Protein chains: 2
Amino acid sequence: MARLTRKETQEQTRARLVETAKDLFLASGYNATSLGQVAEAAGYSKGAVYSNFATKHELGLAVLEAVQRERIAAVVTLLVGADTFEDKLAAFGRWAETNIGDVGWTALEVEFATSTRHIEEVRAALADRRRRVTTALAELLHEQAETFGITLPAPAEDVATHLLALGIGLGVQRAFDPELQVTVLLDALAELAANNKAPQAG
Amino acid sequence: MARLTRKETQEQTRARLVETAKDLFLASGYNATSLGQVAEAAGYSKGAVYSNFATKHELGLAVLEAVQRERIAAVVTLLVGADTFEDKLAAFGRWAETNIGDVGWTALEVEFATSTRHIEEVRAALADRRRRVTTALAELLHEQAETFGITLPAPAEDVATHLLALGIGLGVQRAFDPELQVTVLLDALAELAANNKAPQAG
DNA sequence: GTCTATAAATCGATAGAC
DNA sequence: GTCTATCGATTTATAGAC
């Protein structure tokens, strides 16, 4: 282990700040968490935070990025681990059951997005990311549909938009009403699988 | 016009506060709007606000109630005004096109819900309202389906949950990305109409 | 680049006069 | 019930030492 360079220590503090900010944001929400709390919990001072992030929403944006990286990684791992379409569906179901809404990921993302929607810089970044995520999901759907000979009921981009909106809508509501079940999302996916029946018939 | 009783003037003040709070919340968001701004814009003092609402989130809850009343009234008017199913669908399409996300209703509701999700009192109220809205929508769907001989693809309650989540998800995303189209929601509705084909066949 | 210290402003909420 | 005045806590953000 060589001594860290200046650049490396800086990136380390940045990473630590993002990590603890993520925990606090998830636990108490974006608005209810102050930068002072983040600094203290991470073992730094408030000034340290501001030398790494110009504003609070810049830190928030970094946290969202980290969260989304984790989310994507988790789903990809899950999909890769399952072979058949039914297995993938079941695996995704288990993931959705425990992760959508309850953990607070969706709630945090949506709280941040709606609370900072008037800051043009943030708004643009979120819009950009939304499009990238939608496109990525569309490609994944297209790919999986081809692999399993499924005919999508609509353009992959539309199906992706539909599923994403559904997940967000369910997650948001589940954040304040745990009674809400996410079976609806699974049903939507199952419907996609139903088109499996007549693959290369015509 | 008789002189207003004490109770009436109080309700008038309350109504005025809610109205201007609604405007400010819609324009700038819940978190970004202070009670002082609301009081000043309404022509009252901060103390006047606090003699009508114990906390900020109590005012927020009242605003949400007013907003939702308007929303429901608008949709009902729209549905009553159209006779055939296709007309209703088209009318709802026009409403969705200009109202979902863009106006900020959904964004405000979701911002408030996610920002106050840790205040148990608010959380419970929102959860309660969510269930009432879902049930009402389910009843409306059931009613309309019967009228037009449509077989719903799933229990009305599930379809209602699905559509509601879809609307919320689309509205939220549209709040920071106007490029997003809501055609997906209309497609989902059109799919319901597609089940029109075999009504009393079996 | 991180620290301490603090500015500067604002917030939600309260007290007491009327 | 509404006012003025203000509390007290907290916020984001900055200045300057190291």
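Lettering of chains follows the sequences in order, A, B, ..., and the numbering in each one begins at 1. Side-chain atoms are counted along with the backbone in the values below, which use heavy atoms only and exclude waters and symmetry mates. For clarity, every value in this text was computed on a predicted model and none was experimentally measured.
Contact check, B:Thr13 against D:dT2: a side-chain N or O comes under 4.0 Å of OP1 or OP2. Proximity of A:Asn52 to the phosphate of C:dT2: a side-chain N or O atom is located under 4.0 Å from OP1 or OP2. The phosphate of C:dC3 has OP1 or OP2 within less than 4.0 Å of a side-chain N or O from A:Ser45. Contact annotation: B:Tyr50 reaches the phosphate of C:dA13 (side-chain N/O to OP1 or OP2, under 4.0 Å).
Heavy-atom neighbours of A:Glu70 CD from other residues, nucleotides or ligands within 6.0 Å: above the threshold of 12.
Between B:Phe112 and the options B:Asn31, B:Val63, B:Val122, B:Val67, a side chain to side chain contact (heavy atoms under 4.5 Å, CB included) holds for only B:Val122.
A:Lys56 places its NZ atom 18 Å from the C1' atom of D:dT14, with the value rounded to the nearest Å. Rounded to whole angstrom, the span from the NE2 atom of A:His57 across to the C1' atom of D:dT11 amounts to 15 Å. Separating the CD atom of A:Glu40 from the P atom of C:dT2 is a distance of 18 Å, rounded to the nearest angstrom. One can place CZ of A:Arg14 at 16 Å from C1' of C:dT2, the figure rounded to the nearest angstrom. Going from atom CD of B:Gln12 over to atom C1' of D:dT2 covers 14 Å, rounded to whole Å. C:dA8 atom P lies 20 Å from atom CG of A:Leu35, rounded to whole Å. In this structure, A:Lys46 atom NZ and D:dG16 atom P are separated by 18 Å, rounded to whole Å. In this entry the distance linking CG of B:Asn31 with C1' of D:dT10 reads 15 Å, nearest Å.
Comparing A:Gln37 and A:Gly47 by the nucleotide of DNA chain D that holds the closest heavy atom to each, the one mapping nearer the 5' end is A:Gln37. Position along DNA chain C of the nearest nucleotide to A:Gln10 versus B:Thr55 favours A:Gln10 as the more 5'-ward residue.
Nucleic acid contact for B:Ser34: sugar-phosphate only, since backbone atoms but no base atoms lie under 4.0 Å from a heavy atom of the residue.
Figure legend: cation-pi geometry between B:Lys56 and B:Tyr30, with NZ or CZ positioned under 6.0 Å from the six-membered ring centre and within 45° of its axis.
The backbone N or O of A:Thr114 sits less than 3.5 Å from a side-chain atom of A:Arg117, completing a donor-acceptor pair.
Ring pair B:His162/A:His162 is perpendicular by interplanar angle, where above 60° counts as perpendicular and below 30° as parallel.
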